[in-house]
Amino acid sequence: MSLVVYNTLTREKEPFVPVDPAHVRMYVCGPTVYDYVHIGNARPVVAFDTLYRLLKRHHPRVTYVRNITDIDDRIMVRAADNGETIEALTNRTAAAYSADMRRVGALDPDVAPRATTHVGEMIELIARLIARGHAYEAEGHVLFAVPSMADYGRLSRRSRDELVAGARVEVAPYKRDPADFVLWKPSTPAQPGWDSPWGRGRPGWHIECSAMSAKHLGETFDIHAGGLDLIFPHHENEIAQSRSAFGHAFMARYWMHNGFINVSGEKMSKSLGNFFTVHELLDQYPGEAIRLLLLSAHYRQPLDFTHDGLVQSKAILDRWYGVLRGRATAAAPGVPDGVERALLDDLNTPLAIAELHALATPQHAAELKAGGAALGLLQVDPEEWFRWAPKEAAASGPTDAEIEAAITARRAARAARNFAEADRIRDDLKARGIVLEDSAAGTSWKRG
RNA sequence: GGCCCGGUGGCAGAGUGGCCAUGCAGCGGAUUGCAAAUCCGUGUACGUCGGUUCGAUUCCGGCCCGGGCCUCCA
């Protein structure tokens with residue numbers, strides 16, 4: 001069994017062959033940290049976290065880099081609006097991002113580089129592009145000369161001419177070619193900036209990923225991933241920068257892109273305002289339910305976001321944890337074949353989930369847990385899972401001790417065949433969000 | 001206008017040239033003091049019109065519908 005991935009560069013599924021078999025390297029574009037991320041931003045994190053886990057099972061060494069963009073005009077605007085420093089804003093938001101991503105079950109990347117600590121590398125890269133005739137200085141800006149690259153546009157399958165013809169924005173007068181893009185731009189004294197050979201300024205959007213991937217992964221590497229909307233211009237321009245600077249035939253061998261989360265058929269986005277932040281969702285649903293929902297559609301397909309979908313995901317996890325409950329199950333060694341086979345086929349997580357359903361029986365509990373691990377699921381103690389409650393209910397609902405006391409009282413009532421009282425206790429708990437389940441072994445409960 | 005993706009049963013969502021996806025919901029049953037949970041059973045699904053084929057939801061073409069990108073965007 002070997003991994004096959006869909007490569008945006010060729011628009012085909014291809015066998016995954018690492019550049020260096022001893023060391024697989026992947027880069028995923030992370031967030032611009034000016035606010036809490038929405039669930040759409042969490043999709044690539046969860047999808048490619050699943051890929052990271054898979055790669056680690058099949059290769060001796062994997063390095064996963066997920067960057068933090070902490071210099072950007074939106075950050076500058078937001079910090080000014082909030083009356084806080086850029087550092088305070090980006091530190092706070094980046095910390096919230098890491099915490100939220102952990103709560104949806106994502107492993108930490110091996111390296112989480114920040115743009116602001118790599119400005120030196122960016123300046124070096126830009127200088128290199130100028131020296132090689134791929135970039136030029138104009139009015140304090142440095143621009144990448146798109147016509148200097150013969151096959152610019154290969155990833156997004158657009159020609160320079162098409163881009164120019166379809167352009168929706170005004171072309172800055174200092175550009176030699178309308179398709180040229182900014183590598184470095186000047187800062188006013190009030191704006192954050194760094195000294196450079198071209199004066200005090202700050203980097204353009206795309207250069208950071210070229211600089212940071214080269215530093216932490218090398219001039220070429222295996223997988224570069226992110227959302228569909230990054231294909232153009234972000235990834236196209238990264239390729240242009242890195243290949244032109246280093247002279248290689250490719251930057252990353254495989255380009256993987258996840259589809260969008262939709263709301264009522266439309267892309268979830270900050271500008272449309274139709275988004276839910278992961279942070280607020282985590283008050284209402286367990287992170288694991290959010291993760292399962294994100295994995296329940298194939299990563300390249302659109303996924304319609306609904307609260308009902310989260311409720312369903314939680315119900316599925318309740319069932320699976322119900323199988324594990326009271327069984328002190330250790331995960332079986334390895335990953336069940338069906339699950340692994342599904343994942344190796346371009347991360348077919350919905351099929352892997354179907355395999356998990358087939359394993360959701362008492363006799364397969366150990367495999368269920370092992371299969372869950374491959375998807376980053378089912379790893380907490382079942383009792384802990386069933387004690388989870390939405391933030392509000394957790395604050396106002398009965399404590400574990402109160403529940404246990406009520407169950408004891410009910411057991412006494414049942415023993416006395418006082419079913420009216422037993423049912424009253426059960427209904428009372430139900431009204432407070434606690435569901436009781438009687439079995440031969442006794443009564444268990446869950447927060448529902 | 002250019003370049004891309006999609007349209008599968010009530011809903012979610014895989015997949016395949018001929019046979020079961022899977023889950024949720026619904027319905028029937030078992031079990032239960034009653035429930036809950038669990039278990040068993042239960043569905044003429046593949047946008048549309050043509051073509052290729054012994055046979056197409058699956059391959060090819062047209063059309064319709066929806067979505068995305070075209071320098072803020074996961």
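Reminder, nothing fancy here: chain letters follow the sequence lines and each chain counts from 1. The figures here come from the full heavy-atom set of this structure, side chains too, leaving out hydrogens, waters and symmetry mates.
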Is there a residue in residues 90-101 of chain A whose heavy atoms reach under 4.0 Å of RNA chain B, and which residues are they?
-> none
If a pair satisfies salt bridge (Lys or Arg N to Asp or Glu O under 4.0 Å) and one of its residues is in residues 305-315 of chain A, list it, with sequence neighbours excluded.
-> K314(A)-D318(A)
Per-nucleotide protein contact string for nucleotides 35-41 of chain B (B base, S sugar-phosphate only, - none; heavy atom under 4.0 Å) = BBSSS--
Is any side-chain N or O of K267(A) closer than 4.0 Å to OP1 or OP2 of rC69(B)?
-> yes
Pairs under 3.5 Å (N/O, protein and nucleotides 12-15 of chain B):
residue : atom : partner : partner atom : Å
rA14(B) : OP1  : H298(A) : N            : 2.5
rA14(B) : O3'  : N348(A) : ND2          : 3.1
rG15(B) : OP1  : N348(A) : ND2          : 3.2

The complete set of salt bridge (Lys or Arg N to Asp or Glu O under 4.0 Å) pairs with one or both residues in residues 373-383 of chain A, sequence neighbours excluded, reads R325(A)-E383(A), E383(A)-R387(A)
For residues 94-106 of chain A, which side-chain donor-acceptor pairs fall under 3.5 Å, sequence neighbours excluded?
residue : atom : partner : partner atom : Å
S98(A)  : OG   : A94(A)  : O            : 3.2
D100(A) : OD1  : H279(A) : ND1          : 3.1
D100(A) : OD2  : H279(A) : ND1          : 3.0
R102(A) : NE   : D108(A) : OD1          : 3.1
R102(A) : NE   : D108(A) : OD2          : 3.2
R102(A) : NH2  : D108(A) : OD2          : 3.3

Within residues 223-235 of chain A, residues whose heavy atoms come under 4.0 Å of RNA chain B = G226(A), G227(A), D229(A), L230(A), F232(A)
If pairs are Watson-Crick or G-U with both distances under 3.5 Å, what is the dot-bracket string of RNA chain B, marking crossing pairs with [ ] and pairs to another strand with |?
-> (((((((..(((.....[...))).(((((.......)))))....(((((..]....))))))))))))....
Pairs touching residues 436-448 of chain A that satisfy salt bridge (Lys or Arg N to Asp or Glu O under 4.0 Å), sequence neighbours left out = D400(A)-R447(A), R410(A)-D438(A), R414(A)-D438(A), E437(A)-K446(A)
Between the protein and nucleotides 25-29 of chain B, are there any N/O to N/O pairs under 3.5 Å, and if so, what are the atom names and distances?
none

Listed once per pair and sorted, the salt bridge (Lys or Arg N to Asp or Glu O under 4.0 Å) pairs that draw on residues 352-370 of chain A, sequence neighbours left out | none
Can you pull the ring-ring contact (aromatic ring centres under 6.0 Å, His included) pairs that have at least one residue in residues 345-375 of chain A, sequence neighbours excluded?
-> W320(A)-H357(A)
